[in-house]
Structure formats: C-alpha cells, structure tokens
Student: 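Sending over a structure as structure tokens; questions will come in a sec.
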Number of protein chains: 2
Amino acid sequence: MQPNLARQDETVPETAPELPSARQQAVLDAVLALMVEEGDQLTMDAVARRASCSKETLYKWFGDRDGLLTATVRWQASRVHAGRYALNALDVATLRESLQDFAATWLEVIASDTSVALNRLAIGHAGSRKSNLGGIVLANGRFAIGERVKPVLEAGRAAGLLAFDDTETAFRTFFGLVGRDIQIRLLLGDALPLDAGEIRRDAGRAVEQFLALYGRA
Amino acid sequence: MQPNLARQDETVPETAPELPSARQQAVLDAVLALMVEEGDQLTMDAVARRASCSKETLYKWFGDRDGLLTATVRWQASRVHAGRYALNALDVATLRESLQDFAATWLEVIASDTSVALNRLAIGHAGSRKSNLGGIVLANGRFAIGERVKPVLEAGRAAGLLAFDDTETAFRTFFGLVGRDIQIRLLLGDALPLDAGEIRRDAGRAVEQFLALYGRA
DNA sequence: GCGGCGCCGTACCGTACGGTACGGTACTGC
DNA sequence: GCAGTACCGTACCGTACGGTACGGCGCCGC
C-alpha cells in the first residue's frame, strides 16, 4: 500500500537522495522512452506494457501517476549532474574554457529529446495545482546550473578577469546569451536543427559575447 | 456540421484573416479566462458554462476541441500586434527607444497570465501530433516579433549605428538578452515577480547590453 | 400569427484512462 | 516439500470528458 519510494512531500527538497532499484530504474527509463516517443500518450497501461511489469507494481512502487512522473523527473535529473571546475588560479583561457563547456553542455541538455519531453510534461503540470514537477525540473535545470556557474563567475571576478556587481544578474545574462530562443522554440515544436558543431559554435559565440560584456581585459 | 470558422489546414498559414463574430469573441475570451484560472481543467463543459452557451453551439462554431483552442490562440494573437516604428533618419536615441519599447512590450507579453497559460497549452499539445498550436504560437510570438525587430536593426545598421553580419543572429542575441530565463521559469511555475518597473529596468539593461555588443558609436 | 432558425440547457452515449483486485508463477528461506 | 513473497498479466470498476441529440424559447421575415 505504502509506496517505498519517497513520495513528494511539501517539506522535502526537490532533490531526493534515494536511488531506485535497478528494476525500478528500468521502469523509469521506459517512462522516459515512452515520453519521448509518444508525447502525451503516457498512460499507466502503456508504461506497464513497455516496462513489462504490472500496473499493480507501478502503483505499489510509485503510489500513483504523479509519483511515477516525479520519480522519473528525479531519475533523469540524477544523471545530469557532472563536472567539476577549477576555481582558483584562474586564467582567462581556463575561464573561457569552463564557460564554453558549461554553455555547450547546457545546450546539449535542452536540445535533447528527453529534456524537451520532460519539460513539456512539467510545464503541462505546472498549470494545475498538485505535484510540483515544474519545481523539480527548475531546481535540477535552471537553478542547478546557476549554482554551478556562479562560483566560476565569482572566481573569475576574484582573479580580476570579470567585472560585475550582482552574480545572479551576470549569470542570467550568460543564460540568456546561451539559450536565446532555442528552448522555447523546441518546446513549441519547432524543428530546430542543432548538431554538435552548431552547439559548439553557439557556445563559443555566447561566451565571447559574455566576455565582451563582463570581461575586464 | 461544417464549422464556419476556418479550421486549421496544412496549407493555410498560421495567421488566419477571418475575425470571429462578437458572440464568438466572447466565447473565446471565456476560454482565455478559464485557461488562466483553471489551468488544464479546460473542459468543453466548463467553457460552455462559463460562456453561457451550449456545447452544441461550440461544436457548430469551432468543429471540435482543437478547433476551439486554435481559434482561441488566433484570437489572442490578433490582439497583440501593434506599434509602428520609424525606420529612416534613425538616430541613436530613437534606435535605443525603439529597442527599449520592443523589449518592454515583449516582456509584458511573456509575463502575462494569458501568455503563460497559452504557451503551456500549446507546449502540451506540441508533444502529440495533430493541431499545430505550437506553430501558431511561435508564428505570432517569437517569429512575429522577429519580423518586426529585424527591420529596426537593419535600419540601425544602414544608419551606421549598428554593426553585424547576420540580422537573424543579431536578433536572436537581442531576444536572449531580453528574455533570459524569464519565460521558462514562468512556464515551469516559478513565481517570478515582475512588475512594470522591473520590466522597464530589465528592458533598459538588455538594450544597453545589446548596444554594447553591436553598437558602433 | 406563424413557420423557420439559431441558440441555450440538459440529458445522454462511448471511450479512455486512473486505480484496484485477483489468479498464476517463479524464487527464497527453512 | 512448503509457506511466504514479489511480481506479471489481465480483467474489472468508476469517472471524467469529448462529442451528439433533443426539447424549448426567442427572434426575424412574411
């Protein structure tokens, strides 16, 4: 009766520590695959069929549909975090490289089928009350990358390479220069071609523009 | 049987010329209001009740649910277009003012409850095939403003105030500097406070940054 | 006045889907 | 061997919602 995975709870932060079992991970991967392929036809029956498990098991593990979706979003989020960056003895080349890496990684993420499908789902649910999928996606997307980029920006400022008053504002400018209209166009179904080369060029351009605005050289 | 409003048709562009009758406009306004208030509880029953009309009439006028939604999106889009801008004899003050005005107007639009609700709906539908709501929203949002800003940018270049090779790239940079993370955060349900003063400051900052990157003075 | 029309309100239908129940099967500990 | 457990497959239930049918009423042309 009680789901053995953490149900979303108002007091619990958006990042859950518990990892699902291997079988559960397979189920969540099935959800992700189905989400990408079928869009909004994400029925519990379809998930059970795709994952070769019974609906009863789904409900036992995840509580209800929202629990399953929440677990899926968390599961996907748990795979995105990566990368550590030098923060002291920063020179301009390293700073540029770090920012470029952030930008390219971020573009890859938001351009991926999985991210698009996940964001669509979360945005759809953001309209109704209950089940804070949007909050989870934000916490693990926009805000997570913010918390990882801002130390780099501040290290750049400490090293005399960047000049800004408010770190948050500087980061949001960086975010805008990188993302531009890409995410909204993809979410709305625009077939925006974005291969690896394009991403690298976009990331480079964004970093150069950011340095032009905030660089001190 | 046949809906007397233009049904979406693959060959028809995303901007329909026909205007709905006054009564139909009232119905579409009811849809918009309901969309904002109830989020995804947008049932045909609720619309009929809210608009004090019968479901039969809804189906007669709009064909089916998608037809109603499409008509609603078009109806909202038909109210957004506005503003004419000087393109010749451009000086830097006028250019700055025009861009600032574009930025502020755009921010007001994407921050409005109606836009958020409409974009959520269109994004939700972009996942499934059928009914190109996403395309309509894109055509009347992102692309419409692009077509209106780009002549201003080119006029600025012709007047020797701006320097860029590709207008589209320059516009996308402008778009990113203005929008930053605002739209995605609002769509995902973040309670981002954005009053008129904030919008004006944001627009001003975006324009200054854009001029710093592309200005020639 | 009257037939026809357009529309409101409501009752109704079919289906899709979230959620539950249950029988059958494989595996594990004793 | 056997009880217990975990889980698969499937059948089932209730409800919400898209779509249709129909009675009634006001309005317009004649």
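Atoms considered below: every heavy atom in the structure, side chains included; atoms not considered: hydrogens, waters and symmetry mates. Quantities reported herein were computed from a predicted structural model and do not represent experimental measurements. Here is the naming used below: chain letters follow the sequence lines, and residue numbers restart at 1 for every chain.
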Student: Measure from CE on Met44(A) to P on dT20(C) and round the result to the nearest Å.
Tutor: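 It is 10 Å, rounded to the nearest whole Å.
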
Student: Can a cation-pi geometry be assigned to Arg148(A) and Phe102(A), taking NZ or CZ under 6.0 Å from the six-membered ring centre and within 45° of the ring axis?
Tutor: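 No.
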
Student: Check every atom of dT20(C), dG9(D), dG18(D) against the side chain of Lys55(A) and return the nucleotide holding the closest atom.
Tutor: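 Of the candidates, dT20(C) comes closest.
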
Student: For the backbone of Val31(A) and the side chain of Arg50(A), can you confirm whether one donor and one acceptor N or O come within less than 3.5 Å of each other?
Tutor: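 Between the backbone of Val31(A) and the side chain of Arg50(A) there is no qualifying donor-acceptor contact (under 3.5 Å).
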
Student: Return the nearest nucleotide to the side chain of Thr57(A); candidates are dG19(C), dC7(D), dG9(D).
Tutor: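 Comparing dG19(C), dC7(D), dG9(D) against the side chain of Thr57(A), the answer is dC7(D).
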
Student: Please report the distance, rounded to the nearest Å, between CD in Gln41(A) and C1' in dT15(C).
Tutor: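 Nearest whole value for this atom pair: 14 Å.
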
Student: Please figure out whether Arg49(B) or Glu56(A) has its closest DNA chain C nucleotide nearer the 5' end.
Tutor: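 Between the two, 5'-proximity favours Arg49(B).
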
Student: Picking from dG9(C), dC17(C), dG18(D), which would you name as closest to the side chain of Thr43(A)?
Tutor: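 Closest of the options to the side chain of Thr43(A): dC17(C).
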
Student: Rounded to whole Å, please give me the gap between NZ in Lys60(B) and P in dC22(D).
Tutor: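 My rounded result for the distance is 15 Å.
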
Student: From CG of Leu42(A) over to P of dG19(C), roughly how many Å is that when rounded to an integer?
Tutor: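 Taking atom P of dG19(C) as the reference, CG of Leu42(A) is at 13 Å.
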
Student: dC12(D) C1' sits how many Å from Tyr59(A) OH, rounded?
Tutor: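 So the OH-C1' distance, Tyr59(A) to dC12(D), works out to 13 Å.
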
Student: Where the side chain of Trp61(A) is concerned, which of dG9(C), dG18(C), dC7(D) is the nearest nucleotide?
Tutor: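 That would be dC7(D).
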
Student: How many Å lie between CG on Leu58(B) and P on dG9(C), as a whole number?
Tutor: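 My rounded result for the distance is 11 Å.
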
Student: Can you find a heavy atom in the side chain of Arg205(A) that is under 4.5 Å from one in the side chain of Thr173(B)?
Tutor: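 Yes. Closest side-chain heavy atoms under 4.5 Å.
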
Student: Does a side-chain N or O from Ser52(B) land closer than 4.0 Å to OP1 or OP2 of dC8(C), or not?
Tutor: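 So the side-chain polar atoms of Ser52(B) never come under 4.0 Å of the phosphate oxygens OP1 or OP2 of dC8(C).
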
Student: Is any side-chain heavy atom of Ile184(B) closer than 4.5 Å to one of Ile184(A)?
Tutor: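 Heavy-atom side-chain distance check fails, nothing below 4.5 Å.
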
Student: Is there a side-chain polar atom (N or O) of Arg23(A) under 4.0 Å from OP1 or OP2 of dC8(D)?
Tutor: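 So the side chain of Arg23(A) is within the cut-off, an N or O lying under 4.0 Å from OP1 or OP2 of dC8(D).
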
Student: Send over the distance from Arg50(B) CZ to dC8(C) C1', rounded to a whole Å.
Tutor: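 Going from CZ in Arg50(B) over to C1' in dC8(C) covers 18 Å.
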
Student: Nearest to the Arg65(A) side chain among dG19(C), dC8(C), dC17(C), which nucleotide is it?
Tutor: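 For the Arg65(A) side chain, the nearest candidate turns out to be dG19(C).
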
Student: Donor-acceptor check, side chain of Thr72(B) to backbone of Leu68(B), threshold 3.5 angstrom: yes or no?
Tutor: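 Flag set: sc Thr72(B) to bb Leu68(B) pair under 3.5 Å.
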
Student: When you measure from the side chain of Asp64(A), which nucleotide among dG19(C), dA21(D), dT20(D) comes out closest?
Tutor: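 Within the option list, the nearest is dG19(C).
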
Student: Nearest whole angstrom, please: distance from the P of dG19(C) to the CG of Leu68(A).
Tutor: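 That distance rounds to 10 Å.
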
